[in-house]
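The structure under discussion appears below in the form of structure tokens.
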Amino acid sequence: MADNLLDIRDLTLHYGSSQILNGISVTAQTGEVTCVMGTNGVGKTSLLKAISGTHPISGGDYLLDAQPITRAQAHTLAQKGVAYVPQGREIFPFLTVRENLETGYACLPRDQHYLPDEIFELFPILKEFLSRRGGDLSGGQQQQLAIARALITRPKLLLLDEPTEGIQPNIIKHIGEVIKRLRDRGDMAIVLVEQFLDFAYGLGDQFVVLERGSCILRGAKSEVSFDRLQQAVSL
């Protein structure tokens with residue numbers, strides 16, 4: 001049986017005086033993909049920022065590997081195995097592909113400062129472009145680089161925010177295959193924020209739908225049909 005790696009209970013989050021998330025509960029299990037869905041502006045990215053430590057949580061419980069997380073900073077959570085691929089990718093445009101990948105070393109012990117062969121098995125194009133500047137890559141290639149950089153940290157929990165946004169169909173298909181491979185490896189939990197319904201439903205094991213900062217649907221794939229998910233997302 002899969003382990004419950006992430007357990008978020010009744011999470012609230014504010015930007016200034018505005019409450020963005022209202023009592024959200026989410027779990028993510030090792031060897032599974034949890035899809036967080038909803039229209040623009042409902043709080044999906046805010047949830048990932050809270051889990052990654054890039055925005056402070058206002059209230060609720062956050063457990064990682066059954067250990068409570070209290071006001072942890074992003075670098076601390078990265079050392080604990082949380083990797084975040086943000087919307088927009090946020091690669092370093094003036095660094096080479098190799099240098100972008102090596103920024104992932106920051107949260108690793110020195111004996112792990114190397115590029116694993118698996119990175120180039122998953123993303124062969126990056127091996128060809130190691131000396132090319134990140135800003136010279138296409139959007140799809142930058143997305144592959146952003147995911148690869150996160151994998152350098154050897155995460156237990158991988159957070160992906162809209163990985164299909166603005167990229168060509170063949171790379172969307174490739175990223176889907178990579179996510180399946182990472183899930184099936186069985187050593188990490190994946191939380192995927194995605195608006196591309198077919199892509200999400202094809203990959204997802206668990207689904208959470210947000211509306212105005214609250215959860216309106218949560219369940220396993222066996223409990224949530226495609227039509228029901230589509231209806232909830234379009235509310």
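All figures in this text were calculated on a predicted structure; none of them were measured in a lab. Just the heavy atoms: all of them, side chains too, but no hydrogens, waters or symmetry mates, feed the values below.
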Check side-chain hydrogen bond (donor to acceptor under 3.5 Å, both in side chains) between Glu177 and all other residues, then give those that pass, not counting sequence neighbours.
none
Please identify each residue that fulfils salt bridge (Lys or Arg N to Asp or Glu O under 4.0 Å) with Lys49, with sequence neighbours left out.
none
Could you note down all residue pairs passing salt bridge (Lys or Arg N to Asp or Glu O under 4.0 Å) where residues 119-132 supplies at least one of them, sequence neighbours left out?
Glu121-Arg181
Note, Leu157 side chain near Ile51 side chain (heavy atom, < 4.5 Å):
yes
Using atom types as modelled and distance alone, determine if a side-chain donor or acceptor of Gln112 lies under 3.5 Å from a backbone N or O of Pro109.
no
Could you tell me whether the side chain of Asp7 and the main chain of Leu63 form a donor-acceptor pair under 3.5 Å?
no
Tyr15 atom OH, over 12 foreign heavy atoms within 6.0 Å:
yes
Test your reading of the model: is there a side-chain donor-acceptor pair from Thr12 to the backbone of Gly59, 3.5 Å cut-off?
yes
What do the steps show when you test Val209 against Val42 for side-chain contact (heavy atoms from CB on, under 4.5 Å), and what is the final call?
CA-CA 9 Å; Val209 179; Val42 299; over 6 Å; no
Tell me whether Leu151 is reachable from Leu130 by hopping between hydrophobic residues (I, L, V, M, F, W, Y) whose side-chain heavy atoms are closer than 4.5 Å.
yes
Glu32 backbone acceptor or donor facing Gln206 side chain under 3.5 Å:
no
Following the transitive rule for hydrophobic clusters with a side-chain heavy-atom cut-off under 4.5 Å over Ile, Leu, Val, Met, Phe, Trp and Tyr, establish whether Leu160 and Val26 coincide in one cluster.
no
Let me check something: do Leu48 and Leu11 share a hydrophobic cluster, defined by ILVMFWY side-chain heavy atoms less than 4.5 Å apart, either directly or through other members?
yes
So, using side-chain contact (heavy atoms from CB on, under 4.5 Å) as the criterion, who are the partners of Glu162 when residues are at least two apart?
Lys44, Gln87, Glu165, Val193, Glu194, Gln195
Check whether more than 12 heavy atoms from other residues, nucleotides or ligands sit under 6.0 Å from atom CG of Asp117, and answer yes or no.
no
For Arg154, I'd like to know if atom CZ has over 12 heavy atoms of other residues, nucleotides or ligands within 6.0 Å.
yes
Between Thr45 and Asp161, do the side chains contain a donor N or O and an acceptor N or O under 3.5 Å apart?
yes
Is there a donor-acceptor contact under 3.5 Å from the side chain of Thr153 to the main chain of Ala78?
no
Any ring-ring contact (aromatic ring centres under 6.0 Å, His included) pairs touching residues 112-158, not counting sequence neighbours?
Tyr105-His113, Phe123-His174
Kindly check if the number of other-residue, nucleotide or ligand heavy atoms within 6.0 Å of CD (Gln231) is above 12?
no
Lys221 to Phe207, cation-pi by 6.0 Å centre distance and 45° axis angle:
no
Before giving the answer on side-chain contact (heavy atoms from CB on, under 4.5 Å), spell out for Thr39 and Glu211 the whole-Å C-alpha distance, their side-chain angles and the decisive distance to 0.1 Å.
CA-CA 8 Å; Thr39 55; Glu211 172 63 29; 4.3 Å; yes
Determine yes or no for a side-chain-to-main-chain donor-acceptor pair under 3.5 angstrom, with Glu102 supplying the side chain and Gly104 the backbone.
no
How long is the gap from CG on Leu137 to CZ on Arg89, to the nearest 0.5 Å?
10.0 Å
Is the side chain of Arg228 donor-acceptor paired with the backbone N or O of Glu223 at a distance under 3.5 Å, no angle test?
yes
Partners passing side-chain contact (heavy atoms from CB on, under 4.5 Å) against Gln230 (at least two apart in sequence or in another chain)
Leu197, Phe226, Asp227
Donor-acceptor check, side chain of Arg218 to backbone of Ile216, threshold 3.5 angstrom: yes or no?
no
Charged N to carboxylate O under 4.0 angstrom, Asp187 versus Lys156?
no
